[in-house]
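Structure record follows, encoded as structure tokens.
Nothing fancy with the numbering, it's 1 onward along the sequence. Hydrogens, waters and symmetry mates play no part in the numbers below; they use all other heavy atoms, side chains included.
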Amino acid sequence: MADSAKKLVIKVTAGADAPERCSQAFTVAAVAAASGVEVSLWLTGESAWFALPGKAAEFELPHAAPLPELIEGIQAGGRITLCTQCAARREIEEKDVLEGVRIAGAQVFLSEAMADGAQALVY
């Protein structure tokens, strides 16, 4: 893996409403984490639901890796963050989310995306 990006920041805006785009974001994040890249995956929009226990298991896409396994891989080598506003709109609180998922806002996303050596992708 090239050393050009030390950190990969991925914002996923899609959930079950756009399953292929959603799956691509989680897959890229998991592969990057498994490759030793520091990964920060941001759940926004409809992907916000995957911060809740059991929700990833409900996601189905033929020929795609199971979302719970991808989440596990991402958490092993990176961090998952739920957007503050997205959480609030869905009445999701810190006590509701998967262990290890934090809730943070645009300022934190921007600081991660703009950091030296960071590459940001939006799905």
Side-chain angles (χ1 to χ4, degrees):
M1 174 110 338
D3 290 334
S4 59
K6 295 177 183 139
K7 182 172 188 175
L8 184 59
V9 182
I10 298 175
K11 180 185 278 193
V12 55
T13 62
D17 60 325
E20 288 182 311
R21 188 162 31 113
C22 175
S23 180
Q24 288 170 4
F26 280 90
T27 300
V28 168
V31 169
S35 299
V37 175
E38 183 183 345
V39 174
S40 177
L41 180 71
W42 283 73
L43 305 177
T44 68
E46 286 303 296
S47 72
W49 295 113
F50 299 127
L52 297 175
K55 287 295 186 179
E58 297 173 7
F59 181 85
E60 292 184 13
L61 181 63
H63 310 291
L67 217 52
E69 290 177 19
L70 295 174
I71 289 172
E72 210 174 280
I74 296 162
Q75 287 185 312
R79 163 171 263 166
I80 297 178
T81 304
L82 171 58
C83 160
T84 302
Q85 290 182 14
C86 301
R89 280 190 281 276
R90 290 160 181 81
E91 298 181 355
I92 300 172
E93 299 177 11
E94 295 234 11
K95 65 177 177 56
D96 302 323
V97 300
L98 294 167
E99 185 176 338
V101 173
R102 70 175 172 171
I103 297 177
Q107 181 179 5
V108 177
F109 175 80
L110 185 61
S111 70
E112 287 186 6
M114 298 303 294
D116 287 341
Q119 171 70 50
L121 302 173
V122 177
Y123 285 87

- Item | Least distance between heavy atoms, V39 atom then A33 atom | CG2-N, 3.5 Å
- Message: In this structure, would F59 and I92 fall into the same cluster of hydrophobic residues linked by side-chain contacts under 4.5 Å?
- Response: yes
- Query: Does any pair with a residue in residues 47-66 pass salt bridge (charged side-chain N to carboxylate O under 4.0 Å, His left out), and if so which ones, sequence neighbours excluded?
  - Reply: K55-E58
- Verify, without hydrogens or angle tests, whether S35 (side chain) and V31 (backbone) share a donor-acceptor contact under 3.5 angstrom. yes
- Would you please name every residue forming a ring pair (Phe, Tyr, Trp, His ring centres under 6.0 Å) with Y123, sequence neighbours left out? none
- If a pair satisfies ring pair (Phe, Tyr, Trp, His ring centres under 6.0 Å) and one of its residues is in residues 79-119, list it, with sequence neighbours excluded. W42-F109
- Note on the structure: Nearest heavy-atom contact between A56 and L67 is O-CB, 3.7 Å
- Item | Residue pair S111 / V108: nearest heavy atoms and the distance that separates them | OG-O, 2.9 Å
- Query: For A57, what residues pass the side chain to side chain contact (heavy atoms under 4.5 Å, CB included) criterion, not counting sequence neighbours?
  - Reply: P68
- Message: I need the full list of side-chain hydrogen bond (donor to acceptor under 3.5 Å, both in side chains) pairs touching residues 11-22, with sequence neighbours left out, sorted by first then second residue.
- Response: T13-R21
- Message: According to side chain to side chain contact (heavy atoms under 4.5 Å, CB included), who are the partners of Q107, at least two apart in sequence or on a separate chain?
- Response: none
- Message: Is there a path of hydrophobic side-chain contacts, each under 4.5 Å between heavy atoms of I/L/V/M/F/W/Y residues, joining F26 to I10?
- Response: yes
- Residues pairing under ring pair (Phe, Tyr, Trp, His ring centres under 6.0 Å) where one sits in residues 66-85, two or more places apart or in two chains, turn out to be none
- Query: Could you give all pairs that pass the ring pair (Phe, Tyr, Trp, His ring centres under 6.0 Å) test and reach residues 82-104, with sequence neighbours left out?
  - Reply: none
Tabulate below the donor-acceptor pairs under 3.5 Å that side-chain atoms of residues 73-86 make, not counting sequence neighbours, or state none.
unit_1	atom_1	unit_2	atom_2	d
Q75	NE2	E99	O	3.0
T81	OG1	R102	NE	2.6
T81	OG1	R102	NH2	3.2
T84	OG1	A104	O	3.0
T84	OG1	G105	N	3.1

- Query: Minimum heavy-atom separation for S23 to L61, with atom names?
  - Reply: CB-CD2, 3.5 Å
- Note on the structure: Between L98 and P53 the two heavy atoms that sit nearest each other are CD2-CA, 3.5 Å
- Task: Give the minimum heavy-atom separation between A51 and V101, together with the two atoms involved.
- Result: CB-CG1, 4.1 Å
- Task: Verify side chain to side chain contact (heavy atoms under 4.5 Å, CB included) between V97 and F50, making sure each step is shown before the conclusion.
- Result: CA-CA 9 Å; V97 300; F50 299 127; over 6 Å; no
- Stepwise, does the side chain to side chain contact (heavy atoms under 4.5 Å, CB included) test hold for L121 with L8? CA-CA 8 Å; L121 302 173; L8 184 59; 3.8 Å; yes
- Item | Pairs meeting criterion salt bridge (charged side-chain N to carboxylate O under 4.0 Å, His left out) with involvement of residues 80-89, two or more places apart | none
- Residue pairs fulfilling salt bridge (charged side-chain N to carboxylate O under 4.0 Å, His left out) with at least one residue in residues 25-47, sequence neighbours excluded: K7-E38, E46-R90
- Which residue pairs pass the ring pair (Phe, Tyr, Trp, His ring centres under 6.0 Å) test when at least one of the two sits in residues 72-107, sequence neighbours left out? none
